[in-house]
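Structure, as structure tokens:
It should be emphasised that the depicted structure is a prediction, and the values quoted were computed from it without experimental measurement. Chain naming here is simple, since letters A, B, ... match the order of the sequence lines and numbering starts at 1 in each.
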There are 2 protein chains.
Amino acid sequence: MFTFSEENYLKTIYHLSEHSEKGVSTNAIAKKIETKASSVTDMIKKLAEKEVLVYKKYQGVTLTKKGKKTAAMIVRKHRLWEVFLVEKLNFNWDEVHDVAEQLEHIKSQKLIDEMDALLGFPTVDPHGDLIPDKEGNLHPTKNRLLSSLEKNESGICTGVDDSSSAFLQFLDKQGIALGKQITVIEKEPFDDSITIKIDDREMAISKKIATNLYLKTDDHL
Amino acid sequence: MFTFSEENYLKTIYHLSEHSEKGVSTNAIAKKIETKASSVTDMIKKLAEKEVLVYKKYQGVTLTKKGKKTAAMIVRKHRLWEVFLVEKLNFNWDEVHDVAEQLEHIKSQKLIDEMDALLGFPTVDPHGDLIPDKEGNLHPTKNRLLSSLEKNESGICTGVDDSSSAFLQFLDKQGIALGKQITVIEKEPFDDSITIKIDDREMAISKKIATNLYLKTDDHL
DNA sequence: AAATATTTTTAGGGTTGTCTAAAAATTATT
DNA sequence: AATAATTTTTAGACAACCCTAAAAATATTT
Ligand SMILES: [Mn+2]
Ligand SMILES: [Mn+2]
Ligand SMILES: [Mn+2]
Ligand SMILES: [Mn+2]
């Protein structure tokens, strides 16, 4: 079990590790956490003791596997709470962060699992940041046109290019909505039409539609 | 702003004050909070300093108006979170307390207001305890049979006496469900039937139904 | 009213997490 | 390579909150 302060350090180091390969410097941590370098040194010694990071004097720190997972779970909680606040409690995306900073420290596995389910297992938060899965892994997604998917690939409908109401109404009539899973069953080179499966129904989609519909796909890196 | 620890002391003293008129003793607080009497003395000195309670050496403590309201808001949050966990996240009523102990310390007025609205402004928690209102006041309610209400009184449907599935199905068909507000429009002495308003519809209710349906009413003591 | 038992406070100390100031190590500049 | 600048660590201290042991006040018995 970690204290709020320990969790904040872990999360910060996790974020700082994302965009650089080397160890994270004491000063970088101090800046992000708005504390003094000497306080950081104290804390990273304690965290090294707890084996969530590796620390060599003057060389910065690197998270261990355990540390990475612990940090990812805090980020997961933070982002799930942000989704909750926006989706269920009418918060704007720009007013959720401070509350999520508090909520991310609540300890209850059931709470976070149920929240995940209530929200429909979201993969991105209101700022577009990826939500780590239960194992702490990120699943990078790209928004791709339906027309760019190969046979047997699938994805979740995320948006449209042409947002004319005629097009949106057409999608609605076909039962194609944001969040629905679509699998490519067949691609027809003759007219570039595509057969898809949605809600266990199969249907043919014209080239025009397929080049206007965005899906997010799990690329698993 | 109060620390978690200060909030826990305030909440404990608030609860201990409910069932006795005199000042709350150091030992009583220590017992509830599972700490030592000497620690309690330290803390109540600090809280007296902050003017949330009155402390006279060896005489126990009494909450000030400010202290009472602060404590009531913590209890309000605790109980609203308990309702949320049961109603929205499939918790059982006996597994919500520990998580609520954590969640009650989250600071965000909007969070608690929106939560209140999402839950339909509940007045009791899953254990049947009253939820203080936004001003920190309690509104004692009694469960009363619909047949006992006077003309123009209203209440929220809380349960049934006869729980046979025939009766429940009848209620369902009439659109009478737990949580719905019912107002008595007219009482007919001739056959003891009652005209009620529910969801802006008026309907006649027979004596048999009216003596099997419990409502909770605001008695405002 | 004394003596005894209980409650409460004080005195002194420990841990966590923070700070400032000074020393040590590393990095950049000349 | 020597010097200067920067980063990092150490040393010592402080506030919040908790503890144990002893002293003081209050309550209960005799
Ligand atoms: Mn955020
Ligand atoms: Mn975010
Ligand atoms: Mn509770
Ligand atoms: Mn409760």
Can you pull out the residues from residues 16-44 of chain B that lie within a 4.0 Å heavy-atom distance of DNA chain C?
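Contacting residues: S25(B), T26(B), N27(B), A37(B), S38(B), T41(B).
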Between C1' on dT7(D) and OH on Y58(A), what's the gap in Å once rounded to a whole number?
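Computing the Y58(A):OH to dT7(D):C1' distance gives 9 Å.
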NA contact type, K45(B), heavy-atom cut-off 4.0 Å: base, sugar-phosphate, or nothing?
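Contact class for K45(B): sugar-phosphate only.
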Under 4.0 angstrom between [X] side-chain N/O and [N] OP1 or OP2:
X	N	answer
K57(B)	dT10(C)	yes
Y9(A)	dT16(C)	no
S5(A)	dT18(C)	yes
Y55(B)	dT9(C)	yes

D162(A) and S164(A) side chains, donor-acceptor separation under 3.5 Å
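Distance-only check passes for S164(A) and D162(A).
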Taking atom types as modelled and ignoring hydrogens, do the side chains of Q181(A) and S154(A) form a donor-acceptor contact shorter than 3.5 angstrom?
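Their side chains do contain a donor-acceptor pair, which is all the 3.5 Å distance test asks for.
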Mind checking what makes salt bridge (Lys or Arg N to Asp or Glu O under 4.0 Å) contact with K50(A), not counting sequence neighbours?
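Per chain and number, K50(A) pairs via salt bridge (Lys or Arg N to Asp or Glu O under 4.0 Å) with E6(A).
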Let me know, please, whether F4(A) or G60(B) comes out on the 5' side of the other along DNA chain C by nearest nucleotide.
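Upstream on the strand: G60(B).
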Steps toward ring pair (Phe, Tyr, Trp, His ring centres under 6.0 Å) verdict (F84(A), F84(B)):
CA-CA 13 Å; F84(A) 171 74; F84(B) 171 74; 5.4 Å; yes
Does CD belonging to E49(A) count more than 12 external heavy atoms closer than 6.0 Å?
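Check fails, neighbour count at 12 or below.
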For F4(B) and H105(B), take the angle between the two ring planes, folded into 0 to 90°, and tell me which bin it lands in: parallel under 30, tilted 30 to 60, perpendicular over 60.
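The rings of F4(B) and H105(B) lie parallel, inter-plane angle below 30°.
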Side chain of Q59(A) - closest among dT9(C), dT9(D), dT26(C)
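Nucleotide nearest to Q59(A)'s side chain: dT26(C).
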